[in-house]
Amino acid sequence: MRYIPTIAGASALGLALSLAAGCATNPATGEKQFSLISEAQEIQMGREADPSIVASMGLDPDSARQRYVRELGMRLARVSERPNLPWTFRVIDDPAINAFAVPGGHVYVTRGIMAHLDNEAELVAVLGHEIGHITARHSVSQMSRAQLAQIGLVVGTVLKPELQRYAGLASQGLGLLFLKYSRDDENQADELGFRYMRRVDYDARRMPGVYTLLDRVGQAGGGGRLPDWLSTHPNPANRRATIERYIAALPADSLGRIVNRESYLRQVDGMMYGENPRDGYFKGTQFFHPDLKFRIAFPDGWKTQNQRQAVVAGSPQDDAIIALTLAEQDSPDAAARAFFAQQGVSGSPVRGTIHGLSAAGGVFRAITEDSSVLAGRALFVAYDGRVYQLLGYAPQARWSARAPAVEQAIGSFDRLSDPAALAAQPWRLQVVTLSQGMTLEEFVRRYPGPAPADATALVNNVDANARFSAGALRKRIVGQPLP
């Protein structure tokens, strides 16, 4: 980002000139666009963000699938208005139905959305939409508007000192507000994705099918919950209708011909479906990790989440947290010493054992940057060549009420020895060719699996009353229920 020094001393003319310099015509949209972020800065932002995204979310390990998506994405990027960006296209190892982009040419699709798409043209529509966000510079435009808002806020602070104490809070709020895609941004990305599809001869009439899928997933989530792709991409009700109007207004021979349904389904045949239990899974509030061979029981009623680098639980009142991660040190003693030596942390670790495993830790008190006081327990356990860090904490005033549940959870960390849990395997997609026509209900009976019938309907993007024709390729979910 461009740094604006001593704004209070800048003349009105100087400010006007700097803002004017930030306006240029966007090659994708043809519109004047305000930006304080250069293309070189945009590229650098993407290069810095990409490793952390990959580290925190992980990549689909199938190299052939990565190459397939990369080649499709590059085909689209080359016909965009910004072909010379250092484009990258990656499949993220995440079951969520999601796709997203970061500035500078980095596009990501999850295996979750790929599992639910029906053909290559739909995948091209998703990639084209994300490319559109980058070519239209939606993210950097929003960042620049946030910077401009901060400039105005600083000027106001100089003129009205009583506003000073609100400056930090207001700038944080503006960042969250402006960095969300607007309705206009979404419509524009749709239009650009539609444009890029046609340029590479993919059937743009398949694009509305993506919105049908997302609507179905949203409805199946219960309570009107949107799929993840829509939670980061606001979806006005008229988006599908808008694309259908584009389609109706153009000659059929200009809408593209390529669908590639069979070749796409072969790409997702065998793909993992849903969560990967090898990375750990919950049964209620019990957590099992087959690969690392440990288990832990979190308190009943607490909200739990398995992240790539941590397992966390939060109290129903949102006033306490338990987190399990790997420590950086090579022994419990070293990890405990490092933890209790942190600035603002007080307490005295002691050595001990837990279920026969070497451990160290103790109760601590910590003062945060805003002078709040936390209390909690830290435990570091050596097991199978690793040192695990277990932290439970709450505001000091709430610690006595939360301590028993935290102590019990941390004390439940133990080896996983159940053979069934150790052997848990992920579910996968299997593409089958139907020998005869059948309803969805008949399909589920003929090809039973561990998932409910509505999951089978969703991965095939059909409703409950669907009928499949003889010779059709359809997806089923195979695997064993989790023990």
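From a predicted model like this one, the values you see are computed outputs, not experimental measurements. Residues take their numbers from the sequence shown, with the count starting at 1.
Proximity of F298 to F282: side-chain heavy atoms (C-beta onward) are separated by under 4.5 Å at one or more points. Taking 4.5 Å as the limit, some side-chain heavy atom of W87 sits within range of a side-chain heavy atom of S80. Counting only heavy atoms from C-beta outward, the side chains of Q329 and R337 never approach each other to under 4.5 Å. R295 is not listed as a side-chain neighbour of K283, based on a closest heavy-atom distance of 4.5 Å or more. Taking the side chain as every heavy atom from C-beta outward, N119 and N260 never approach each other to under 4.5 Å. M438 places none of its side-chain heavy atoms less than 4.5 Å from the side chain of R467. Between T110 and V91, every side-chain heavy-atom pair lies at or beyond the 4.5 Å cut-off. Looking at heavy atoms from C-beta onward, H116 lies in side-chain contact with L458 at the 4.5 angstrom threshold.
With hydrogens and angles disregarded, no donor-acceptor distance shorter than 3.5 Å links the side chain of S372 to the backbone of T368. No donor-acceptor distance shorter than 3.5 angstrom exists from the side chain of R137 to the backbone of P103, with no hydrogens or angles considered. Between the side chain of Q408 and the backbone N or O of P404, no donor-acceptor pair lies under 3.5 Å. Looking only at distances, no side-chain donor or acceptor of N460 sits under 3.5 Å from a matching main-chain atom of V462. At distances below 3.5 Å, not a single donor-acceptor pair connects side-chain atoms of E48 with backbone N or O atoms of M45. The backbone N or O of D279 sits less than 3.5 Å from a side-chain atom of N306, completing a donor-acceptor pair. In this structure, the side chain of S315 engages the main chain of D318 through a donor-acceptor pair within 3.5 Å. Between the side chain of T353 and the backbone N or O of G356, no donor-acceptor pair lies under 3.5 Å. Judged purely by atom type and a 3.5 angstrom limit, Q425 has no side-chain atom pairing as donor or acceptor with the backbone of G479. Between the K475 side chain and the Q430 main chain, no donor and acceptor come within less than 3.5 Å of each other.
Between H129 and H133, the ring planes are perpendicular. Angles over 60° get that label, and only those under 30° would be called parallel. Classified by interplanar angle (parallel below 30°, tilted 30° to 60°, perpendicular above 60°), the ring pair Y68/Y264 is tilted.
For Q317, the CD atom counts as densely surrounded, since its 6.0 Å shell holds more than 12 non-hydrogen atoms of other residues, nucleotides or ligands. More than 12 heavy atoms of other residues, nucleotides or ligands sit less than 6.0 Å from atom OH of Y383. For Q396, the CD atom counts as densely surrounded, since its 6.0 Å shell holds more than 12 non-hydrogen atoms of other residues, nucleotides or ligands. In R445, the CZ atom is crowded: over 12 heavy atoms of neighbouring residues, nucleotides or ligands sit closer than 6.0 Å. Residue-environment remark: CD (E328) stays at or below the threshold of 12 foreign heavy atoms within 6.0 Å.
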Problem set entry | Check against side-chain contact (heavy atoms from CB on, under 4.5 Å), F339 and F364 | CA-CA 10 Å; F339 177 82; F364 67 88; 3.7 Å; yes
For this session: Would you sort out whether V126 and V109 count as a side-chain contact (heavy atoms from CB on, under 4.5 Å), showing the intermediate values?
Result: CA-CA 8 Å; V126 171; V109 295; 4.1 Å; yes
Problem set entry | side-chain contact (heavy atoms from CB on, under 4.5 Å) evaluation trace for Q389 with L326 | CA-CA 6 Å; Q389 171 181 281; L326 287 173; over 6 Å; no
For this session: Evaluate the criterion side-chain contact (heavy atoms from CB on, under 4.5 Å) for residue pair M114 and V69; output intermediate values, then yes/no.
Result: CA-CA 10 Å; M114 287 191 68; V69 170; 3.9 Å; yes
Problem set entry | Candidate pair E42 and R82, rule salt bridge (charged side-chain N to carboxylate O under 4.0 Å, His left out), full reasoning | CA-CA 13 Å; E42 179 185 356; R82 304 181 72 188; 2.9 Å; yes
Please list, one pair per line, the donor and acceptor atoms closer than 3.5 Å that link side chains of residues 265-273 to other protein atoms, with sequence neighbours excluded.
unit_1	atom_1	unit_2	atom_2	d
D269	OD1	V431	N	3.0

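Of the inter-residue distances, the one linking L213 atom CG with I113 atom CD1 reads 7.0 Å to the nearest 0.5 angstrom. With rounding to the nearest 0.5 angstrom, the CZ atom of R446 is 11.0 Å from the CZ atom of R476. Taking OG of S469 as the start and CZ of R474 as the end, the distance is 7.0 Å to the nearest 0.5 Å. In this structure, the separation between CH2 on W427 and CD1 on I477 is 7.5 Å, given to the nearest 0.5 Å. Atom-to-atom distance recorded for R402:CZ and Y393:OH is 14.5 Å, nearest 0.5 angstrom. Annotation: the span from L117 atom CG to R206 atom CZ amounts to 13.0 Å, rounded to 0.5 Å.
Residue L390 comes nearest to V381 through the heavy atom pair CD1-CG2, 3.9 Å, listed as atom of the first residue, atom of the second, then distance. The two residues R216 and N461 have their closest heavy-atom pair at NH1-O, 2.6 Å. Between A457 and L440, the shortest heavy-atom distance links the atoms CB-CD2, 3.6 Å. In terms of heavy atoms, G301 sits closest to T285 at N-CG2, 4.4 Å. Across V345 and A366, no two heavy atoms sit closer than the pair CG2-CB, 4.2 Å. Listed here is the closest heavy atom pair of L416 and A421: CD1-CB, 4.0 Å.
Side-chain contact of Q309 with Q307: a donor-acceptor pair under 3.5 Å is absent, judged by distance alone. With hydrogens and angles left out, the side-chain atoms of Y196 and T135 include a donor and acceptor closer than 3.5 Å. Side-chain contact annotation: E275 with Y281, donor-acceptor N/O pair under 3.5 Å absent.
Contact check on D384 versus K293 returns no salt bridge, with no Lys/Arg side-chain nitrogen under 4.0 Å from an Asp/Glu carboxylate oxygen. A salt bridge is absent between D94 and R111; no separation between the charged side-chain nitrogens and carboxylate oxygens falls under 4.0 Å. D50 and R90 are joined by a salt bridge, as a carboxylate oxygen and a charged side-chain nitrogen come within less than 4.0 angstrom of each other. The residues E407 and R377 are annotated as salt-bridged, a charged nitrogen and a carboxylate oxygen being separated by less than 4.0 angstrom.
Checked against side chain to side chain contact (heavy atoms under 4.5 Å, CB included), R78 has the following partners two or more places apart in sequence or in another chain: M74, R75.
The residue from R415, H289, R386 that alone fulfils the side-chain contact (heavy atoms from CB on, under 4.5 Å) condition with F294 is H289.
Residues F413 and Y388 place their aromatic rings such that the two centres sit under 6.0 Å apart.
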